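What follows is a short report on a single structure.
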Number of protein chains: 2
Amino acid sequence: MREGPDIARIASLVGDPARANMLNALMGGTALTASELALEAGVSLPTASSHLSKLMDGGLLTLASQGRHRYYGLAGAQVAGMIEAIIGVAEAVGPKRVRPGPRDAAMRVARVCYDHLAGEQAVAMLDRLLDRKLLLRDDNQIRLSPSGASHFSALGIETGVKARRPVCRACLDWSVRRSHLAGTLGAAILDKIIAEKWARREKDSRAVVFSPTGRQEFERVFLA
Amino acid sequence: MREGPDIARIASLVGDPARANMLNALMGGTALTASELALEAGVSLPTASSHLSKLMDGGLLTLASQGRHRYYGLAGAQVAGMIEAIIGVAEAVGPKRVRPGPRDAAMRVARVCYDHLAGEQAVAMLDRLLDRKLLLRDDNQIRLSPSGASHFSALGIETGVKARRPVCRACLDWSVRRSHLAGTLGAAILDKIIAEKWARREKDSRAVVFSPTGRQEFERVFLA
DNA sequence: CGCATGGTTCGATCCTCATCGAAGCATTCC
DNA sequence: GGAATGCTTCGATGAGGATCGAACCATGCG
């Protein structure tokens, strides 16, 4: 009846519970093998394989073959953003639990969004970085200021533009409803947080839990 | 396996072609009757009715009964945002047409997004309003400045806060990938554009086409 | 009241697609 | 080479759900 982009095709890919679980798992940012995703989705390996090839055909996933392992990952930040948007609606219209569970609370504070940090911590961080003029915002375009470049460089975070992917990008946070920092810089900061052991990834969840001292360090460096 | 928000449920609602067409039609912002939506989706009335009740159950639509007419509309800006996000991915991964058709071009320039203007024109307008300090941006929060309040009031646009809905909001544009203005002010501006006959809605499309003089007027008032 | 219009509910049909077991490829390790 | 691991393809089964015609409510008009 009307042509245009085939939104039903994309949405129906996400609309199957098994595939939705897989995508949800991949929102953690790390690429996973078919067997891990099968486990995650609670289906057999053949079933998972079939789903994965559909998601590949649909352009939602990328595949990296390494020897006999095949790692599936989200196709990009745009796909991740779409899934966040769907999660946001599902949260809003879903049966509102009288009281959010503990894991939910942890997720709100800090979680992984594809490859960078999201949640209250991340939103506060971006605010602070903008305040300190280490980053400059111009709408959704976020640029690194000269002082910011040297600042991050001093922290051991390289910000040279190598890839086509932007260094900084704003990403809308579904729990806070404000932006946090994505892009290669956002990814590098998350890497540092994990590498410094300021926080650890919660097993089988997107939640990121800071240790008491780790939180202090994080606040000292990024929220000062 | 994992609980959390039921994203598959929401996505599968959008994942049916008939329902996707209906939602797409409702992205125009005007509420439509069941028969109009049936026509739009290319299905019979009973089928459409069944789809509509599913969308209602899913919380994606609102219903306003007026006499024997029942008007269905999108449940809110968050739902509209999700659909825009899905459209964005579908555009990106979809079969890239060698050359975007004329309607596509018009859509990129100016279109309706739920109840406000989107597209290049809208993005340019927000930029300009921020430059002129009529609006103040603080992340996705956009506020009306005192000078902005009087400015819009002089244009006959009331900006008093009546509803719970925010006056200003940033809305991400899928074609330009930058923000444009949503909220009651965004809606009021679109209303003015139509009321002043600066532009007309393209029939059966979200495209908004400016007349030569209308464009001049629009640019004089909002892009000066 | 009776008719027309707009809409929903019911029932039956049909088809897509998710699922899994078994078999088949590919890669690596011994 | 042979065995083991990781994954995909094939084939058969089954269930959910999209679809429409017909019948059924509700509202408005004369």
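Everything numeric in this text was worked out from a predicted model, so none of it was measured. All values below come from the heavy atoms of this structure, side chains included, with hydrogens, waters and symmetry mates left out. Proteins come first, then strands; the chains are lettered A, B, ... in the order of their sequence lines, and each starts at number 1.
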Is there side-chain contact between [X] and [Y], with at least one heavy-atom pair below 4.5 Å?
X	Y	answer
A/Leu129	A/Phe152	yes
A/Val14	B/Val14	no
A/Thr62	A/Leu74	no
A/Val112	A/Leu117	no

Legend entry - Salt-bridge criterion met for B/Arg108 and B/Glu91 (N-O under 4.0 Å): yes

Inset, instruction - Taking all non-hydrogen atoms of both residues into account, name the closest pair between B/Ala199 and B/Ile194 and its distance. - result: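 Looking at all heavy atoms of both residues, the closest pair is O-CD1, 3.8 Å.
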
Inset, instruction - Could you tell me whether the side chain of A/Ser211 and the main chain of A/Gly214 form a donor-acceptor pair under 3.5 Å? - result: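 Yes, because the side chain of A/Ser211 sits within donor-acceptor range (under 3.5 Å) of the backbone of A/Gly214.
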
Legend entry - Flag, side chain of B/Glu36 to backbone of B/Thr33, donor-acceptor distance under 3.5 Å: yes

Could you work out which one of [options] sits closest to the side chain of [X]?
X	options	result
A/Ala34	D/dA18, C/dG6, D/dT8	D/dT8
B/Ser49	D/dT19, D/dG6, C/dT9	C/dT9
B/Arg70	D/dT8, C/dT8, D/dT19	C/dT8

Legend entry - Residue pairs, two or more places apart or on separate chains, that pass side chain to side chain donor-acceptor pair (under 3.5 Å) and touch residues 48-58 of chain A: A/Arg19-A/His51

[X] has an atom [atom1]; how far is it from atom [atom2] of [N], in whole Å?
X	N	atom1	atom2	value
A/His51	D/dT8	NE2	P	13 Å
B/Asp16	D/dG16	CG	C1'	13 Å
A/Leu52	D/dT9	CG	C1'	14 Å
A/Asn21	C/dT19	CG	P	10 Å
B/Leu63	C/dG7	CG	P	10 Å
B/Leu37	C/dG6	CG	C1'	13 Å

Polar atom pairs between nucleotides 20-25 of chain D and protein, under 3.5 Å, N or O only, would you list them?
from   : atom 1 : to      : atom 2 : distance (Å)
D/dC20 : OP2    : B/Ser44 : N      : 3.0
D/dC20 : OP2    : B/Ser44 : OG     : 3.2
D/dC20 : OP2    : B/Thr47 : OG1    : 2.9

Inset, instruction - Answer with base, sugar-phosphate or nothing: what part of the nucleic acid does B/Tyr71 contact at a heavy-atom distance below 4.0 Å? - result: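 No contact at all - B/Tyr71 keeps every heavy atom at 4.0 Å or more from the nucleic acid.
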
Inset, instruction - Please work out if A/Thr33 contacts a base, only the sugar-phosphate, or nothing of the nucleic acid, heavy-atom cut-off 4.0 Å. - result: sugar-phosphate

Legend entry - Sub-4.0 Å heavy-atom contacts from residues 55-62 of chain A onto DNA chain D, ordered by number: none

